[in-house]
Amino acid sequence: MVQQLFTQGFLFDFQTILDYGQSILSVAQELLKPLLENRPLNTKTIQSQMNRHFHGTAAEGVWQWKDAYEAVEVAQILYLRQKGYKLLLESPQTVLLELEKLVALCPTQTRRSEESVQLQQFSTPLPLAYLVAKAAFIQGTDLILEPSAGTGLLAQMAKLHGASLMLNELAPDREKILRRLFPGTPLFSVNAEQINDYLAGKTQPSVVLMNPPFSSSPKIDSRNPDATKAMGQARGKEDNVQESSSTTGVRNEEKQSGYQRVLLLLRTHVGTGVL
């Protein structure tokens, strides 16, 4: 029925009818089933579920593979919600091994959309998200700010540690996903370059977790504007954990510009080293 309304050229278009966030979540719930059974996600399964819940095919332009990849990431988040709490009781080496196994069941993101290239939407692999959260020494009393939250992989890892969340995401479709995944969580949709000014006078986060675009900015032609602004938000514990594409390891910095330390993590496939 939805596709029929769309093709007949009614005043409202397909995107108006479709609840994007709910459609992605519905696909993810189906993709979760083989993951829980330790079975790989194949292209046929993903396409079938996307066609079903988006009421059309990629060939018809109803959805793109970027959307499918978002659904796969949400399926990983749902997996963490079912098994993550128990998994974190294991040794770091075991956690990393299990997360790597989970990632290996999912397809590689080989197709990029114009938006993903423009906004440098490179999602955080689950093993690296685990290390980032571990580096921040997240506790249940923490309030986490994720200024470029994406689909919520980093946020979910923080949630597993019992922390409260404050999220920001500029991309409209990803914002819709986050609203479905984290209902009731403060969620902003502003340019993260201005997040420090926007949150001035509001509740201050104790930890900032981020995987920002490192050479792309919607409005400012400079490197790491997201990181620069967001780091000014951390108060109290004043921890900022940032993934960096320009570092060669992990290091601690002396307190500078209002934060005690910045842990820069190498953006590579996670090996056997554990913080």
Side-chain angles (χ1 to χ4, degrees), residues 19-41 45-46 49-50 52-53 67-92 94-107 109 121 123-146 148-169 171 173-187 205 207 209-211 241 270:
D19 183 333
Y20 181 85
Q22 182 58 54
S23 296
I24 290 292
L25 181 57
S26 297
V27 174
Q29 289 169 338
E30 295 299 324
L31 299 183
L32 173 63
K33 297 175 183 178
L35 293 180
L36 291 173
E37 297 172 355
N38 200 34
R39 293 188 288 113
L41 295 178
T45 297
I46 296 172
Q49 294 301 330
M50 290 295 293
R52 173 188 172 192
H53 291 285
D67 304 313
Y69 295 146
E70 309 283 49
V72 171
E73 291 183 8
V74 174
Q76 294 177 357
I77 290 173
L78 298 180
Y79 181 97
L80 289 178
R81 291 183 176 180
Q82 289 207 21
K83 295 195 171 185
Y85 293 99
K86 183 177 179 180
L87 179 59
L88 289 186
L89 299 176
E90 303 292 338
S91 69
T94 299
V95 175
L96 285 175
L97 179 61
E98 291 303 312
L99 292 178
E100 288 175 344
K101 288 180 180 178
L102 174 59
V103 171
L105 295 175
C106 301
Q109 298 188 16
Q121 294 176 333
S123 297
T124 306
L126 279 182
L128 186 53
Y130 165 70
L131 288 180
V132 170
K134 188 171 181 63
F137 305 104
I138 294 174
Q139 303 175 16
T141 56
D142 280 319
L143 174 60
I144 309 296
L145 169 64
E146 224 291 41
S148 53
T151 56
L153 288 170
L154 270 174
Q156 181 59 47
M157 197 61 71
K159 192 76 172 176
L160 290 180
H161 289 79
S164 300
L165 300 176
M166 178 186 295
L167 306 177
N168 180 68
E169 175 54 46
D173 283 347
R174 287 185 161 188
E175 180 199 2
K176 294 172 185 176
I177 294 172
L178 292 171
R179 290 198 183 280
R180 285 292 182 177
L181 279 176
F182 302 97
T185 297
L187 175 58
V207 179
L209 294 182
M210 71 180 85
N211 178 7
V241 182
V270 177

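The basis for the numbers below is simple: all heavy atoms, side chains too, and nothing from hydrogens, waters or symmetry mates.
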| said: Taking side chain to side chain donor-acceptor pair (under 3.5 Å) as the definition, give me every residue that meets it alongside Gln22, ordered by chain and number, with sequence neighbours left out. | reply: Ser26, Arg180
| query | For Ser23, which residues count as a side chain to side chain donor-acceptor pair (under 3.5 Å) partner, sequence neighbours excluded? | reply | none
| query | By side chain to side chain donor-acceptor pair (under 3.5 Å), which residues pair with Arg179, not counting sequence neighbours? | reply | Glu175
| Looking at residues at least two apart in the chain, or sitting in another chain, which of them share a side-chain contact (heavy atoms from CB on, under 4.5 Å) with Pro107? | Leu41, Ile46, Val72
| field | Spacing of CG belonging to Leu105 relative to OH belonging to Tyr79, to within rounding of 0.5 Å | value | 8.0 Å
| remark: Interatomic distance, CG@Leu126 vs CD@Glu98, rounded to 0.5 Å, equals 12.5 Å
| Roughly how far, to the nearest 0.5 Å, is the CD atom of Glu90 from the CG atom of Leu97? | 11.0 Å
| With side chains defined as the heavy atoms from C-beta onward, is the minimum distance between Gln76 and Ser123 less than 4.5 Å? | no
| said: Can you list everything that forms a side-chain contact (heavy atoms from CB on, under 4.5 Å) with Ala71? Sequence neighbours excluded, please. | reply: Ile24, Val27, Leu31, Met50
| request: Please report the shortest heavy-atom distance between Leu181 and Thr151, naming the atom on each side. | output: CD1-O, 3.4 Å
| Approximate separation, where rounding is to 0.5 Å, of Ile77 CD1 and Phe182 CZ | 5.0 Å
| query | What residues, two or more places apart in sequence or in another chain, satisfy salt bridge (charged side-chain N to carboxylate O under 4.0 Å, His left out) together with Lys83? | reply | none
| query | Considering residues at least two apart in sequence or located in another chain, which fulfil the side-chain contact (heavy atoms from CB on, under 4.5 Å) criterion with Gln82? | reply | Leu32, Leu36
| remark: Taken to the nearest 0.5 Å, the spacing of Asp19 CG from Lys176 NZ works out to 8.0 Å
Could you tabulate the donor-acceptor pairs under 3.5 Å formed by side-chain atoms of residues 154-167, not counting sequence neighbours?
| residue | atom | partner | partner atom | Å |
| --- | --- | --- | --- | --- |
| Gln156 | OE1 | Arg81 | NE | 2.8 |
| Gln156 | OE1 | Arg81 | NH2 | 3.2 |
| His161 | ND1 | Met157 | O | 2.9 |

| field | side-chain contact (heavy atoms from CB on, under 4.5 Å) between Tyr20 and Asp67, intermediate numbers included | value | CA-CA 9 Å; Tyr20 181 85; Asp67 304 313; 2.6 Å; yes
| message | Looking at every non-hydrogen atom in both residues, tell me the closest pair between Ala129 and Leu153 and how far apart they are. | response | CB-O, 4.5 Å
| Looking at residues at least two apart in the chain, or sitting in another chain, which of them share a side chain to side chain donor-acceptor pair (under 3.5 Å) with Thr94? | Ser91
| query | Can you name the side-chain contact (heavy atoms from CB on, under 4.5 Å) partners of Glu30, sequence neighbours left out? | reply | Lys33, Gln49, Arg52, His53
| Just wondering, do Asp142 and Phe137 contact through their side chains at under 4.5 Å, heavy atoms? | no
| task | Answer yes or no: is there a side-chain heavy-atom contact under 4.5 Å between Cys106 and Leu35? | result | yes
| Knowing that exactly one of Asp173, Val74, Leu187 qualifies, which makes a side chain to side chain contact (heavy atoms under 4.5 Å, CB included) with Leu178? | Leu187
| How close do Glu100 and Pro127 get, heavy atom to heavy atom, and via which atoms? | CG-CG, 3.7 Å
